[in-house]
Q: 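Let me begin by handing over the structure; questions about it come next.
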Amino acid sequence: MKIVTRFAPSPTGYLHIGGARTALFNWLYSRHHKGVFRLRIEDTDRQRSTPAAIEAIIEGLQWLGLNWDDEIVYQFSRAERHAEVAKQLLAQGRAYHCYASPEELEQMREEQRAAGKPIRYDGRWRDRPASDHRPNVAPVIRIKAPQTGETIIRDQVQGDVRFGNDVLDDFILLRSDGTPTYMLSVVVDDHDMGVTHIIRGDDHLTNAARQRQIIDAMGWPEPVYAHLPLMHGEDGQKLSKRHGALGIHEYKDLGYLPEAMRNYLLRLGWSHGDDEIIPTAQAIEWFNLENIGRSPARVDFKKLDNVNGHYMRQASDEALADATLPLFKGQASTDLRAKLIAAMPGLKERAKTLVELADSAQFLTATRPLKVDDKAQKLLTTEARALLARLKSVFEQATTWDAPSLDAAARHFAEANGLKLGAIAQPLRAALTGRSTSPGIFDVLAVLGRAESLARISDQASP
RNA sequence: GCCCCCAUCGUCUAGCGGUCUAGGACGUCGCCCUCUCACGGCGAAAACAGGGGUUCGAGUCCCCUUGGGGGCACCA
């Protein structure tokens with residue numbers, strides 16, 4: 001059997017890290033089984049769906065390298081088909097018209113709340129004869145769900161989850177304006193798209209029981225379910241804007257590599273023994289549903305940084321230079337690219353993100369003669385200032401910018417002045433009070449090359 | 001309120017009844033390497049939420065408590 005998975009985000013916001021992980025798992029599963037991975041945009045909420053969000057989702061997936069198969073399905077465009085299924089269910093007696101007004105239902109729920117009873121539709125129109133129908137009111141169509149027995153979702157992650165059918169109510173399939181509800185649309189689309197495995201967030205677990213009512217009523221085959229635990233922010237609270245629920249594009253802007261992102265996301269909720277660094281090809285080979293964890297995971301930027309650093313060190317100088325070049329904005333050029341590649345061996349060892357890499361490579365674009373502005377000057381100790389002046393003269397004359405020759409120049413300078421190389425950095429650090437890390441030789445160069453950068457650092461350093 | 005899910009170091013996790021005086025990774029702290037930082041190497045501190053069972057034996061199985069999370073719309 002051909003495995004078909006799908007990722008079905010609703011374009012009401014940007015693709016966040018939780019959604020990205022869901023997409024990754026679906027993608028991995030289909031690739032492992034040489035199956036199909038499809039993308040469906042659930043845009044039936046016309047109020048909240050935006051073209052910008054659709055764009056962001058597509059770009060995010062592309063950046064992550066999660067390529068989908070076949071055409072993208074836009075759920076809204078399939079509304080007629082969804083309505084057709086609702087009517088078919090109606091004709092088969094598996095659904096019925098309900099004329100209760102929203103106000104009436106709200107009152108019903110209010111009473112249930114007050115009485116401490118479970119909140120659900122009470123089936124008031126379930127068995128009413130057609131003669132009761134109100135000609136001047138547009139009805140909704142509700143599923144006629146079984147009221148006894150139980151529905152068991154055989155979930156690949158959560159195990160068998162049982163729901164008493166008495167807690168499942170007759171939910172709405174088709175609204176009074178003739179548009180389908182989410183519950184109907186998903187089921188119909190998954191069926192029509194041939195989806196065999198539904199891998200999605202935990203928040204849909206209880207929905208699965210409802211959706212099964214439709215599937216059973218239509219006599220369609222049951223898909224295999226795998227409900228992933230939701231992700232939490234760094235503080236353990238619900239994922240929100242403050243807690244790392246950044247759009248995936250923001251991770252790109254932060255300087256993370258797609259490969260690292262995939263590795264990090266994979267390990268968040270899935271494991272393969274003690275393995276940590278799992279390149280994508282290996283992940284495809286190993287991925288399965290059995291090893292998905294059942295408890296929610298928190299995002300951890302420190303770990304992401306570490307994984308990213310690993311992939312950066314592993315990347316070729318050329319590839320890294322190309323990935324970093326765009327960060328130089330207008331200054332990017334083939335000349336700069338060559339310099340970047342030359343300096344890369346020394347640069348990539350100490351950067352955790354592309355942004356850090358670009359930052360420490362700023363000296364490459366410094367216009368000479370180098371200058372340090374007054375504000376920064378004032379913060380420097382006399383000793384450091386003198387050293388800086390002498391250093392400047394050396395590096396102003398430097399013509400080649402590859403790491404070895406810079407290193408040689410610095411060494412030469414140190415020897416000529418009777419200093420240890422490390423000593424060049426030390427006074428600078430002393431000058432920049434409060435800076436916890438001592439600047440390396442490249443940092444010194446960066447400072448020399450960027451007066452504004454020094455000013456910025458001193459802003460942070462001064463009380 | 002009702003239904004459902006979850007619970008091992010700070011974090012991600014290994015563990016699928018004995019081999020667990022609980023392993024790995026990130027982070028933290030030492031030491032080493034070294035011209036600084038970083039990388040790398042070595043080492044340390046750090047966890048089975050609590051209580052009952054079942055069993056010769058429980059981190060591993062069952063129940064309860066507690067604590068998190070999700071769902072209960074003419075949203076998706």
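Below, chains carry the letters A, B, ... as their sequence lines are ordered, and counting in each starts from 1. In what follows, every heavy atom counts, from backbone to side chain, and hydrogens, waters and symmetry copies are set aside.
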Q: Using a 4.0 Å heavy-atom cut-off across all strands, classify A:A100 as base, sugar-phosphate, or nothing.
A: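 It contacts base atoms.
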Q: Considering only the C1' atoms, how many Å lie between B:rC2 and B:rA58, rounded to the nearest integer?
A: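 34 Å, rounded to whole Å.
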Q: When you compare B:rA46 with B:rU19, how far apart are their C1' atoms, in angstrom units rounded to a whole number?
A: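 Per the computed distance, 24 Å lies between those C1' atoms.
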Q: Who passes side chain to side chain donor-acceptor pair (under 3.5 Å) against A:E318, sequence neighbours left out?
A: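 By the side chain to side chain donor-acceptor pair (under 3.5 Å) rule, A:E318 matches no residue at all.
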Q: Roughly, in whole Å, what's the span from OH in A:Y264 to P in B:rA25?
A: 17 Å
Q: Could you measure between the two P atoms, the one in B:rC48 and the one in B:rC12, and give it in whole Å?
A: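 Result for the P pair: 16 Å, nearest Å.
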Q: Counting only side-chain heavy atoms from C-beta out, which of B:rC5, B:rC74, B:rC2 sits nearest to A:P118?
A: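 My answer, after comparing the listed nucleotides, is B:rC2.
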Q: Name the residue closer to the 5' end of RNA chain B, choosing between A:K348 and A:P139 according to the nucleotide with the nearest heavy atom.
A: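 The answer here is A:K348.
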Q: In residues 203-218 of chain A, what residues come within less than 4.0 Å of RNA chain B, judged by heavy atoms?
A: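 Heavy-atom cutoff 4.0 Å gives A:D203, A:H204, A:L205, A:T206, A:N207, A:R210.
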Q: Look at the side-chain N and O atoms of A:T181 and state whether any lies under 4.0 Å from the OP1 or OP2 oxygen of B:rC74.
A: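 A:T181 to B:rC74 OP1/OP2: no side-chain N or O under 4.0 Å.
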Q: Closest to the A:K302 side chain: B:rG69, B:rG1, B:rG27?
A: B:rG27
Q: Pick from A:Q158, A:Q156, A:R212: which one makes a side chain to side chain contact (heavy atoms under 4.5 Å, CB included) with A:Y225?
A: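 Exactly one candidate clears the test, A:R212.
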Q: Can you name the atoms? Protein N/O to nucleotides 12-14 of chain B N/O, anything below 3.5 Å, with the distance.
A:
residue, atom, partner, partner atom, Å
B:rC12, OP1, A:R298, N, 3.1
B:rC12, O2', A:R267, O, 2.9
B:rU13, OP1, A:G269, N, 2.8
B:rU13, O3', A:S271, OG, 3.3
B:rA14, OP1, A:S271, OG, 2.8

Q: Taking a pair as Watson-Crick or G-U wobble with both distances under 3.5 Å, which nucleotide is matched to B:rU54?
A: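 WC or wobble partner does not exist here.
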Q: Which label fits A:Y99 and A:H97: parallel for a plane angle under 30°, tilted from 30 to 60°, or perpendicular past 60°?
A: tilted
Q: Listed by chain and number, what are the ring-ring contact (aromatic ring centres under 6.0 Å, His included) partners of A:H310, not counting sequence neighbours?
A: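 Per chain and number, A:H310 pairs via ring-ring contact (aromatic ring centres under 6.0 Å, His included) with no residue.
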Q: Expressed as a whole number of Å, how far does the C1' atom of B:rA7 sit from that of B:rU60?
A: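 B:rA7 and B:rU60 have their C1' atoms separated by 14 Å.
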Q: Show me the protein contacts with nucleotides 39-43 of chain B, counting only N or O atoms at under 3.5 Å.
A:
residue, atom, partner, partner atom, Å
B:rC39, OP1, A:K352, NZ, 3.3
B:rC39, O3', A:R313, NH1, 3.3
B:rC39, O2', A:E349, OE1, 3.3
B:rG40, OP1, A:R313, NH1, 3.4

Q: Just name whichever nucleotide pairs with B:rC42, Watson-Crick or G-U, keeping both distances under 3.5 Å, else none.
A: B:rG30
Q: Applying a 4.0 Å non-hydrogen cut-off, can you work out what A:T179 is touching in the nucleic acid: base, sugar-phosphate, or nothing?
A: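 Nothing, no heavy atom under 4.0 Å.
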Q: Could you go step by step and tell me if A:Y96 and A:D170 meet the side-chain hydrogen bond (donor to acceptor under 3.5 Å, both in side chains) rule?
A: CA-CA 9 Å; A:Y96 60 94; A:D170 293 345; 2.7 Å; yes
Q: Tell me, which pairs form a side chain to side chain donor-acceptor pair (under 3.5 Å) where one or both residues lie in residues 254-266 of chain A, sequence neighbours left out?
A: A:Y256-A:D305, A:E259-A:R262, A:E259-A:T280, A:R262-A:T280, A:N263-A:Y311
Q: Calculate the interatomic distance between A:Q158 atom CD and B:rA7 atom P; express it in whole Å.
A: 9 Å
Q: Quick one: are the ring centres of A:F287 and A:W270 less than 6.0 Å apart?
A: yes
Q: Using salt bridge (Lys or Arg N to Asp or Glu O under 4.0 Å) as the criterion, list what pairs up with A:R6, not counting sequence neighbours.
A: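 A:D190.
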Q: Which part of the nucleic acid, if any, lies within reach of A:V161 when heavy atoms closer than 4.0 Å are counted: base, sugar-phosphate only, or nothing?
A: sugar-phosphate
Q: Report each atom pair, protein N/O against N/O of nucleotides 44-46 of chain B, whose distance is under 3.5 angstrom.
A:
none

Q: What residues form a salt bridge (Lys or Arg N to Asp or Glu O under 4.0 Å) with A:R94, not counting sequence neighbours?
A: none
Q: Once side chain to side chain donor-acceptor pair (under 3.5 Å) is applied, do any residues pair with A:E285, and if so which ones, sequence neighbours excluded?
A: none
Q: Both distances under 3.5 Å, Watson-Crick or G-U wobble: report the partner of B:rC72, or none.
A: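 Checking every strand shown, B:rC72 finds its partner in B:rG1, with both distances under 3.5 Å.
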Q: Hey, are A:D169 and A:R210 close enough for a salt bridge, meaning a charged N less than 4.0 Å from a carboxylate O?
A: yes
Q: Nearest-nucleotide wise, let me know which of A:I172 and A:G116 is further upstream toward the 5' end of RNA chain B.
A: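 Mapping each residue to its closest nucleotide by heavy atoms, the 5'-most match is A:G116.
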Q: Could you tell me the separation between the CG atom of A:N263 and the P atom of B:rC26, rounded to a whole number of Å?
A: 12 Å
Q: Please list, chain by chain and in numerical order, all residues satisfying ring-ring contact (aromatic ring centres under 6.0 Å, His included) with A:Y29, sequence neighbours excluded.
A: A:H33, A:H197
Q: CD of A:E110 versus P of B:rC72: gap in Å, rounded?
A: 17 Å
Q: Starting from the C-alpha separation in whole Å, work towards a yes-or-no answer on side-chain hydrogen bond (donor to acceptor under 3.5 Å, both in side chains) for A:E111 and A:Q107.
A: CA-CA 6 Å; A:E111 286 166 6; A:Q107 191 193 332; 3.1 Å; yes
Q: Could you please name the partner base of B:rA25, counting Watson-Crick and G-U wobble pairs only when both distances are under 3.5 Å?
A: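 In the structure as shown, B:rA25 has B:rU11 as its Watson-Crick or wobble partner.
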Q: Which value, in whole Å, describes the distance between the P atoms of nucleotides B:rG50 and B:rU28?
A: 28 Å
Q: On a whole-Å scale, what distance lies between the P atoms belonging to B:rG70 and B:rA25?
A: 33 Å
Q: Under 6.0 Å from the ring centre and within 45 degrees of the ring axis: does the NZ or CZ of A:R78 meet both conditions for the six-membered ring of A:Y74?
A: no
Q: Quickly work out the A:Q47 CD to B:rC74 C1' distance and round it to whole Å.
A: 13 Å
Q: Find the distance A:E106:CD to B:rC72:P and express it as a whole number of Å.
A: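 Roughly 14 Å, once rounded to whole Å.
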Q: When we call it a touch if two heavy atoms are under 4.0 Å apart, what does A:F171 touch: a base, just sugar-phosphate, or nothing?
A: nothing
Q: I'd like to know whether A:T151 forms a side-chain hydrogen bond (donor to acceptor under 3.5 Å, both in side chains) with A:Q213, so could you lay out the CA-CA distance, the side-chain angles of the two residues, the decisive distance to 0.1 Å, and finally the verdict.
A: CA-CA 9 Å; A:T151 297; A:Q213 308 309 325; 3.1 Å; yes
Q: Find the partner of B:rA49: check Watson-Crick (N1-N3 plus N6-O4 or O6-N4) and G-U wobble (N1-O2, O6-N3) distances, both under 3.5 Å, and reply none if neither fits.
A: B:rU65
Q: How many Å lie between CG on A:L228 and C1' on B:rG70, as a whole number?
A: 14 Å
Q: With sequence neighbours left out, write down each residue that passes salt bridge (Lys or Arg N to Asp or Glu O under 4.0 Å) with A:E290, or none if nothing qualifies.
A: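 For A:E290 there are no salt bridge (Lys or Arg N to Asp or Glu O under 4.0 Å) partners, ignoring immediate neighbours.
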Q: Choosing from B:rC74, B:rA73, B:rA76, which nucleotide comes nearest the side chain of A:M183?
A: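 The answer is B:rA76.
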Q: Whole-Å distance between B:rG69 C1' and A:L230 CG?
A: 7 Å
